[in-house]
2 protein chains.
Amino acid sequence: MPTGDRSAIRLSPMEVPKASDVLANELREHILSGVYPEGTPLPPERELVVQTRMSRTTVREALRILEVQGLIRIKAGRAGGAFVQRPGEESVASSLELLIRGRQIRLASVHETREAIEPSCARLAAQHRTTGDLVRLESANAAIAASGDLDEFLGNNVDWHVAVATASHNEILTGIMMALSRAIYTTTDNEGFINAEVRDIAVRAHRSVTRAIKERDADAAVRRMARHVHSYAAAALEVEDRTTVSVPEED
Amino acid sequence: MPTGDRSAIRLSPMEVPKASDVLANELREHILSGVYPEGTPLPPERELVVQTRMSRTTVREALRILEVQGLIRIKAGRAGGAFVQRPGEESVASSLELLIRGRQIRLASVHETREAIEPSCARLAAQHRTTGDLVRLESANAAIAASGDLDEFLGNNVDWHVAVATASHNEILTGIMMALSRAIYTTTDNEGFINAEVRDIAVRAHRSVTRAIKERDADAAVRRMARHVHSYAAAALEVEDRTTVSVPEED
DNA sequence: CGTGGTCTAAAGGTCTGACCCAATCTAACA
DNA sequence: TGTTAGATTGGGTCAGACCTTTAGACCACG
């Protein structure tokens, strides 16, 4: 008689979660439920040890997990410890950045995504902008016009686009835009295709989008932003094709 | 003479990285540079200890960081260890999920984002779809039509939308859509606004979008998807307004 | 005064070494 | 020829010590 038939009891494969994961999940649920306001200190590690009867190693691993996920911030020293933090745009941005870098994603994909997102950002910005948003947009634009070397120009450029996203008052879109901007920023700087003319065109496009946002003209904002992003993407990709050998094909 | 002026020397706040972060960054750069193909095993922990002259605690914390970031996968047991893994859509999805849950983001933001993204997904899908994508789309649609209870319907619904994103062959958009879908899935199920009529409308809308993708009619795909998502969002938000008390105002 | 030195307590960071558990391989055994 | 009982190699956990960083208090000296 084969071993497995001795008993009628049948069990499905079971998962044995790690102790640190259990603790991390527990704490995460508490944090996400919103019971603790931002900045609430968690108990010190040694206190968690006695409360949970786990070892300090385990407790620390759990805290490390939450820290990487952006749910807590850990300070050393007296009056230090783990403090509740609500996940922000940067955590989304950094994970998107990992995806883009790690998968060596075609620059085309990044631009496609921008073309999908930015017009909508512009629309929402036109609808929801505050005067404070306007100030930021215009000062960002001024900084672009006044910027000297390429690096400064690109940085200010990114700032303006992120400012538009911020003005949309949509945290998800903002997070995504931050990530895409960073990706483009780090991949574009080695190209020399940004000459004075291109910069001038960009400044003017930004100004016209800003104006539409100021006048709460959603449709114009969408249209102008779409055109701006599209032409920028086309130019960048053209340079890509000239500089790189491989041209990845679809389908 | 005020205190701060005695010396002209100015320093910015300095960062003292932790040992585990140093190691994690080092390993991360190696992984992201793409030198190690997916699945390459990292040295065992004890081996890393002798190589880096750090303690096992430190090494393990570094590995935990990379694991949470989705850059390695850790298996226990003999022939186990840490294996290189390229970050996938799920890591983006989960971080977006944290953002949405943790910030208790208005459902309106999620729908806004969907309205921004999905039409573009549809366009790209129409342009880049393979026949395999088509099969998946159609079977997903069939599953929706045949689904019984609400939960099953919602799950299949999500599957179809993700299938559209997948057919766009844009990993960034796919990751975002996965996250948004999950968020909507988990926040919608408690509402009873999905009756037979709504479901029927959804199925028909999906079919028409699928047809446009099949015929590579990008413009129609965009248009139909935009209409579908918009009406769905409007319906969901209307129910929201009826059920919840607070109506967050903008500006 | 205020500037700097010193001390102390609290907290995270690191290290050591041991042991436990899981997965796999292997070789002996029925 | 299967089976099965070690043996081996790996991660997971634990306990405890020590180091480093920070805040705060206190003091001493110019």
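To find a chain, count down the sequence lines: A is the first, B the second, and so on, and within it residues start at 1.
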_Short N-O contact, Arg103(B) and Glu38(A), less than 4.0 angstrom_ = no
*Indicate whether any N or O donor in one side chain lies under 3.5 Å from an N or O acceptor in the other, for Asn170(B) and His128(B).*
no
*asked:* Would the distance check show the side chain of Thr174(A) and the main-chain N or O of Ala165(A) forming a donor-acceptor pair, the cut-off being under 3.5 Å?
replied: yes
*Starting at the 5' end of nucleotides 8-16 of chain D, put B wherever the base has a protein heavy atom under 4.0 Å, S where only the sugar-phosphate does, and a dash everywhere else.*
BBSBBBB--
_Rounded interatomic separation in angstrom, taking CZ from Phe83(A) and P from dA10(C)_ = 15 Å
_Expressed as a whole number of angstroms, how long is the span from Glu47(A):CD to dA9(C):C1'?_
17 Å
_Expected output: side-chain Asn25(B) to main-chain Asp21(B) donor-acceptor under 3.5 Å_ = yes
*Would you confirm whether Asn156(A), through its side chain, and Glu152(A), through its main-chain N or O, come within 3.5 Å as a donor-acceptor pair?*
yes
